[in-house]
Amino acid sequence: MGAVLRCSGLRKAFGDIQAVDDVGFEIAPGETYGLLGPNGAGKTTSISMIAGLLHPDAGEIEVLGTRMTPRALDAKAAVGLVPQDLAIYPDLTARENLHFFGRLQHMSRHDVRARSDEILEVIGLRERSDDRAGEFSGGMKRRLNIGIGLLHQPRLLILDEPTVGVDPQSRNAILESVEALAVEGLAVLYTTHYMEEAERLCRRIAIVDQGRIVAEGTRRELIDTISEQDIVRLKVAGDVHAAAVACDALPSVSSADAEDDEVVCLLDQAASSLPALLAAVSSVDASVVGVEVREPDLEDVFLYLTGRALRD
Amino acid sequence: MVKVWAIVRVELTRLLRDRSNLFFVFLFPLLLIVFIGAQFGSDFSTRLGVVADAGDAEAASLIAALDDLEGITTVAFDSREELADEVDRGRISAGVVLPDGYGDALRAVEPVEVVFLGRPDATSASLQALVGAALAEQVLPGAAATLLVSGRAAVGAPPVEAAELREVALAVEDQASRIEVSATTLGVDELAEEFAGLGQFDIGASSQLFLFTFLTSLTGAGALIQTRQYGVATRMLSTPTSTFSVLLGTGGGRLAIALFQAVYIVVISTVAFGVNWGDPLGATAVILLFAVGAAAAAMVVGSVFSTDSQAAGAGIGIGLGAAALGGSMVPIELYPETVAQVARITPHFWANEAMAELVRRDGTIVDILPQLAALGGFAVALVALGSWTLSRALVR
Ligand SMILES: Nc1ncnc2c1ncn2[C@@H]1O[C@H](COP(=O)(O)OP(=O)(O)O)[C@@H](O)[C@H]1O
Ligand SMILES: [Mg+2]
């Protein structure tokens with residue numbers, strides 16, 4: 001069985017903004033694939049094209065071997081989209097919302113009823129199924145939003161930042177159900193700007209920034225791009241930016257960036273380089289008030305690749 | 001088709017679930033039909049302003065005579081300026097100013113100057129004729145007396161006071177059991193004729209139907225904006241549902257709401273007030289075409305605005321404005337000619353005209369073909385515009 005989703009060379013511009021610039025990847029059955037990037041990276045725009053809501057300026061999209069376009073209704077039937085912004089009727093009940101979208105999915109009346117009950121159970125809203133969605137908490141609305149995307153048993157589930165604005169408990173419930181779905185063989189495309197979510201859920205991750213995939217691979221592969229290196233965080237009193245520049249100038253340092261009141265350095269051997277770092281900071285009339293040395297994570301990869309923090 | 005129907009049903013469900021709609025859709029139209037019916041039934045008449053000395057018996061009898069005319073109500077004013085002002089504003093159709101000492105002058109058979117204040121329209125002209133006739137009746141005995149005086153002088157008879165002769169002439173007139181001159185009824189107000197023989201609520205009901213069908217449809221456009229804002233519209237497009245089906249469903253939802261409002265008013269007004277809707281085929285055609293136009297107008301409003309409150313404001317503004325201009329609040333016959341011309345840009349105008357033909361003149365569908373054509377034109381143009389704007393708004 002081939003890939004569930006295959007896309008390549010996707011581009012989309014809005015006026016002068018190149019929102020998506022040459023994005024491409026594949027997702028196999030049962031695989032959860034992550035798009036990790038900050039706000040405005042182009043995740044939602046990519047997803048809109050993949051779900052056939054938006055015409056790409058260039059590029060190819062195939063879902064189960066069928067070309068996806070805004071008119072490709074067959075391809076759309078295989079996809080369950082869970083939009084970033086809630087897409088439910090607040091004045092309808094949870095069940096009515098499910099029924100409505102079920103009908104739009106070619107499901108028979110009987111199937112819609114049976115599946116709605118199943119889904120209500122899965123998303124933990126069985127007790128509240130006849131209450132209006134507008135009365136739900138943020139987390140409950142999110143779960144209903146996801147439930148609608150699962151109703152018709154799609155082959156590819158697209159989740160666009162499903163945990164934004166959700167309390168920690170609901171968030172955990174959402175992550176667990178995504179894990180369970182992947183086990184059942186569903187292909188999932190998951191976007192987020194939370195590194196921990198991408199690390200926990202996704203086998204492979206694409207790091208996106210300004211419309212481009214700047215790196216792709218498993219967590220291990222991504223971290224290995226800044227291989228064997230260590231992260232040293234220096235808490236600095238004084239001019240942080242000048243300190244970062246001074247550190248960057250050292251031969252043993254491969255990158256140094258200012259982040260709040262810290263300088264984040266990526267270097268080969270933390271232990272032997274520390275004195276040089278401290279000296280460099282002192283040389284610009286700043287002083288080091290704290291030091292942390294650790295293994296890099298995806299945030300560091302992003303910082304290393306783009307020079308900016310994942311979350312600002 | 002299943003999907004289109006699913007969308008239509010959801011729209012209707014949402015309309016009925018919104019409590020604020022319950023008042024506006026169900027109760028308010030009823031209240032207005034009753035209110036307007038009461039207005040037309042009791043006091044539908046042309047208002048004629050009068051300035052006169054309160055203690056003047058002759059003036060009082062002239063005013064009483066004018067008041068007695070069918071379709072005319074006199075309204076007393078203190079000064080000519082005040083009266084002229086109201087006539088200018090169109091709140092009073094025309095006015096008569098009787099000078100102080102009007103009665104004395106009549107009795108003494110002296111010349112008096114009566115001023116008529118009118119507007120350049122047909123109502124004023126017919127009022128002027130009526131006032132002229134009433135005045136003539138009062139002046140006639142004096143005129144006859146003057147004639148006699150000069151006649152006697154010509155033949156050398158001894159002089160007599162004109163005022164005394166007038167008394168004689170009045171006495172003669174009384175005796176002669178007053179052969180009524182038809183001049184009084186000559187200028188019978190065309191409005192009174194137009195609305196004669198109508199049930200009390202017949203006028204209110206059809207014009208209110210158009211007002212509310214359009215208004216409910218437009219204010220419902222907010223729901224369309226919500227559908228877009230909630231992202232539900234986009235989500236519909238992510239399912240195997242074509243843009244065309246979504247358009248058809250949303251447009252159909254709007255149409256269902258417009259028709260729902262229209263049918264509600266027809267049924268309730270017929271059952272509760274015995275309103276006559278004229279030729280059923282004609283009335284159905286008018287209401288159907290009007291509802292399509294109203295639904296499509298709602299699609300336009302629901303697409304070009306981006307927030308709920310903008311759409312609600314625009315909906316109420318356009319809904320009431322078009323209704324007022326198109327003769328759904330005040331009969332178009334009361335408008336000056338130029339305004340009546342401009343009113344043709346509203347579907348209400350054509351719908352009201354068509355219903356006037358059906359209800360007041362017992363017309364059939366054949367008699368209202370021009371109006372149906374105009375309504376059809378509105379429907380086609382608005383549906384085209386609505387589909388275009390909405391399909392663009394959906395993908396935004
Ligand atoms: N409809 C649109 N019109 C104009 N610009 C847009 C539109 N949608 C997105 N953008 C721009 O494209 C870029 C990518 O946005 P988006 O795909 O929403 O990013 P993300 O989902 O990663 O936060 C941003 O700069 C955003 O402002
Ligand atoms: Mg986004």
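Note that the structure is predicted; figures quoted are calculated from it, not measured. Sequence lines set the chain letters: A, B, ... in the order given, protein chains first and strands last, and positions in each chain run from 1.
Of all the listed residues (B:Val4, B:Leu237, B:Thr243, B:Val246), the one sharing the greatest number of non-hydrogen pairs under 4.5 Å with chain A is B:Leu237. Heavy-atom pairs under 4.5 Å with chain B were tallied for A:Ile148, A:Val82, A:Asp85; the largest tally goes to A:Ile148.
Residues A:Tyr89 and B:Val10 have side chains in contact (heavy-atom distance under 4.5 Å, counting atoms from C-beta outward). You'll find the side chain of B:Thr241 stays beyond 4.5 Å of the side chain of A:His106, heavy atoms only. Counting only heavy atoms from C-beta outward, the side chains of B:Arg14 and A:Leu92 approach each other to under 4.5 Å. Using a 4.5 Å heavy-atom threshold, the side chains of B:Pro240 and A:Gln105 count as touching.
Of the two parts of A:Leu86, only the backbone, made up of N, CA, C and O, holds a non-hydrogen atom closer than 4.5 Å to a non-hydrogen atom of chain B. Residue contact with chain A, scored on non-hydrogen atoms closer than 4.5 Å, involves the side chain of B:Thr13 exclusively. For A:Glu96, the part lying near chain B is the side chain, with the backbone staying farther off; criterion is any non-hydrogen pair under 4.5 Å.
Here the closest non-hydrogen pair linking A:Arg103 and B:Val2 is NH2-CG1, 3.3 Å. When all heavy atoms of B:Val232 and A:Phe100 are compared, the closest pair comes out as CG1-CE2, 4.4 Å.
A:Leu73 CG to B:Ser245 OG: the interatomic distance, rounded to the nearest 0.5 Å, is 8.0 Å. Within the model, atoms NZ of A:Lys76 and OG of B:Ser238 stand 7.5 Å from one another, a figure rounded to the nearest 0.5 Å. With values rounded to the nearest 0.5 angstrom, B:Met236 atom CE is found 12.5 Å from A:Leu53 atom CG.
A salt bridge does not link A:Asp91 with B:Arg17: none of the charged nitrogens is closer than 4.0 Å to a carboxylate oxygen.
Within a 6.0 Å radius of CG in A:Asp117, more than 12 heavy atoms belonging to other residues, nucleotides or ligands are found.
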